[in-house]
Amino acid sequence: MTTGTRAARLFGDHFLERLQPDEQATVQRVRDLCRDTLGPQADAVSREDLFAWDTFRTLAREGVIATAFPREYGGTDARQALRIRLIEELGRVCSTSASMITGTDLSSRAIVAGASEALRREIVPRLCTGELQAAFALTEPGAGSDVRGLSTTIRRDGERYLVTGRKKFITRASTADWFAVVGRAEDDPSVFIAVLMPREARGFRIGAEVDKLGWFGVPISSLEFDAVEVPASHRLGAEGDGFSLAQDALLRARIGHAAMALGRAIGAVEIASRYASDRTVFGKREGEHQGVQWMLADMVTQIEASRALLALTADKYDAGASDVSIFASMAKLQATDLCMKVVTDALQLTGGRGYLRDFPLERFFRDAKLNQIGEGASEVHKTVIGRDVMRRAPLAERNPCLRDGPLTDY
């Protein structure tokens with residue numbers, strides 16, 4: 001990618017060089033959008049937790065929303081190798097913008113993957129353009145990362161389903177036109193069913209928007225279903241596919257969370273290092289002190305390592321690798337925990353100024369925490385990864401340094 005006369009970035013473009021020319025051009029368009037529009041508007045967007053319609057419409061108009069959708073329905077079917085670069089660019093300046101892209105994956109993936117052809121033709125092209133919005137109704141008061149803990153029931157009644165239950169922390173609930181709802185079959189709790197519910201369905205209630213610490217611009221609400229009727233033709237996938245559809249949506253969203261967190265970490269280091277260049281402490285620039293240099297060295301090194309893990313994960317997703325879900329958990333765990341640390345340290349380096357509302361790191365700090373929680377908290381992913389290691393360890397190639405027999409015989 002060429003940058004003309006623009007100054008080189010603190011973090012290099014080595015990952016972009018692997019993209020195709022048209023993909024590189026897409027990244028450059030998003031960079032221009034961040035520089036000219038989204039970055040300057042980010043502070044205003046973060047002041048009040050109302051849906052950021054101007055931001056959403058800009059992303060839709062510029063075709064960024066469409067990257068999540070297949071070409072046959074009006075999208076651009078972007079590879080994950082490209083999408084992580086776009087989300088990173090957006091996360092570098094505006095969590096709201098980045099979360100609208102990851103949220104599009106989460107909210108619409110089950111529709112793309114499981115809706116009937118007729119429903120896809122009706123809805124997906126309008127999701128691509130931003131004319132319609134969808135929400136993914138999975139999390140409940142007693143179940144979130146553990147999908148098997150869902151209590152919402154979906155009962156077949158002739159040519160319709162009846163949905164009863166509650167959902168919580170649903171992003172875009174106050175603006176969505178359609179809701180992908182996942183629950184258990186009433187007569188067999190081991191069977192998960194997903195249905196597509198219109199906003200105006202009778203017996204369906206959307207709660208008030210709930211105040212939260214950060215991630216302003218994308219409000220959340222609760223949902224209640226009182227025997228809500230959904231036509232059988234609005235089922236997503238087959239009966240029993242609800243769990244796999246949820247896992248597929250969460251997989252893409254976790255990759256997006258990792259990219260957003262890394263973008264924010266990159267932005268935090270850019271801001272903190274520039275401040276260290278401008279600020280004078282004890283007679284010399286702050287950045288000339290060894291302690292500051294070592295902090296920045298740790299930040300930059302760990303961010304580049306995390307970017308490499310995420311790039312590998314995106315490649316695995318695009319190739320359909322069987323182990324991509326574990327790598328998505330590792331990438332999400334590493335990137336989001338790292339982002340929280342980097343933003344905290346960057347704020348520390350900027351001192352009192354970093355704590356001011358009109359300084360970007362205050363916003364970065366508030367937004368960073370949710371990445372560690374959303375789409376599976378860090379502790380959940382540690383459990384998932386650890387279980388996978390212990391499942392494979394007894395069957396894996398034995399280290400040649402070991403003699404035969406149980407290791408407890410040493």
Side-chain angles (χ1 to χ4, degrees), residues 23 25-71 73-78 82-109 111-112 120-136 170-180 198-200 206 209 212 214-221 249 252-253 256-257 259-260 263-264 267 360 363 367 370:
E23 293 175 323
T26 299
V27 175
Q28 187 58 59
R29 288 198 302 274
V30 170
R31 283 187 172 182
D32 293 342
L33 193 63
C34 289
R35 184 193 65 238
D36 300 335
T37 304
L38 300 177
Q41 293 177 353
D43 179 67
V45 169
S46 73
R47 295 291 181 179
E48 195 172 8
D49 197 13
L50 301 174
F51 190 79
W53 280 107
D54 287 346
T55 299
F56 179 76
R57 289 169 180 142
T58 296
L59 293 169
R61 184 181 65 248
E62 296 297 326
V64 186
I65 296 292
T67 60
F69 298 98
R71 292 183 186 278
Y73 303 110
T76 58
D77 206 16
L82 170 59
R83 283 177 58 79
I84 62 172
R85 301 275 74 84
L86 300 179
I87 296 168
E88 181 182 277
E89 292 294 333
L90 295 167
R92 174 175 169 258
V93 300
C94 178
S95 295
T96 302
S97 300
S99 65
M100 285 181 172
I101 306 306
T102 61
T104 296
D105 255 344
L106 182 65
S107 63
S108 304
R109 181 63 184 174
I111 301 172
V112 171
R120 284 199 294 262
R121 293 288 177 192
E122 175 189 350
I123 296 171
V124 176
R126 298 167 73 190
L127 291 172
C128 288
T129 61
E131 180 184 352
L132 293 178
Q133 286 197 56
F136 188 54
I170 307 304
T171 305
R172 303 194 194 198
S174 57
T175 56
D177 303 282
W178 292 91
F179 294 77
R199 182 184 187 87
E200 64 273 10
I206 303 171
E209 294 177 351
K212 54 189 191 310
W215 275 44
F216 285 4
V218 280
I220 60 174
S221 302
R252 290 171 65 101
H257 267 261
M260 185 195 315
R264 189 184 302 109
R363 167 168 51 89
D367 291 345
L370 188 56

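What you see is a predicted model; the values in this text were computed from it and never measured. These numbers come from the heavy atoms of this one structure, side chains and all, not from hydrogens, waters or symmetry mates.
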**Request:** Any chance you could lay out the side chain to side chain contact (heavy atoms under 4.5 Å, CB included) test for L86 and I101, step after step, and finish with the verdict?
**Result:** CA-CA 9 Å; L86 300 179; I101 306 306; 6.0 Å; no

Just so I know, are the side chains of [X] and [Y] near enough to count as touching, which here means a heavy-atom distance under 4.5 Å?
X    : Y    : answer
D177 : P198 : no
M100 : V218 : yes
V27  : R31  : yes
L90  : L59  : yes
R85  : V30  : no

**Residues F136, I170; criterion side chain to side chain contact (heavy atoms under 4.5 Å, CB included); working and verdict** = CA-CA 7 Å; F136 188 54; I170 307 304; over 6 Å; no

**Member of W215, F216, F56 meeting the ring pair (Phe, Tyr, Trp, His ring centres under 6.0 Å) criterion with F51** = F56

**Request:** Could you tell me whether the side chain of S107 and the main chain of A134 form a donor-acceptor pair under 3.5 Å?
**Result:**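 Indeed, once roles are kept as given, a pair shorter than 3.5 Å links the two residues.
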
**Request:** Quick one: closest heavy-atom pair of T67 and R83, and the distance?
**Result:**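 The pair with the smallest heavy-atom distance is OG1-NH1, 2.6 Å.
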
**Prompt:** Do R120 and Y73 have a side chain donor and acceptor closer than 3.5 Å?
**Reply:** yes

**Request:** For the pair D32 and R35, evaluate salt bridge (charged side-chain N to carboxylate O under 4.0 Å, His left out) and give the outcome as yes or no after the intermediate values.
**Result:** CA-CA 5 Å; D32 293 342; R35 184 193 65 238; 3.0 Å; yes

**Message:** Between E209 and S174, is the side-chain hydrogen bond (donor to acceptor under 3.5 Å, both in side chains) condition met? List the steps.
**Reply:** CA-CA 7 Å; E209 294 177 351; S174 57; 2.7 Å; yes

**Request:** Apply side chain to side chain contact (heavy atoms under 4.5 Å, CB included) to T55 and V45, showing your working.
**Result:** CA-CA 8 Å; T55 299; V45 169; 3.8 Å; yes

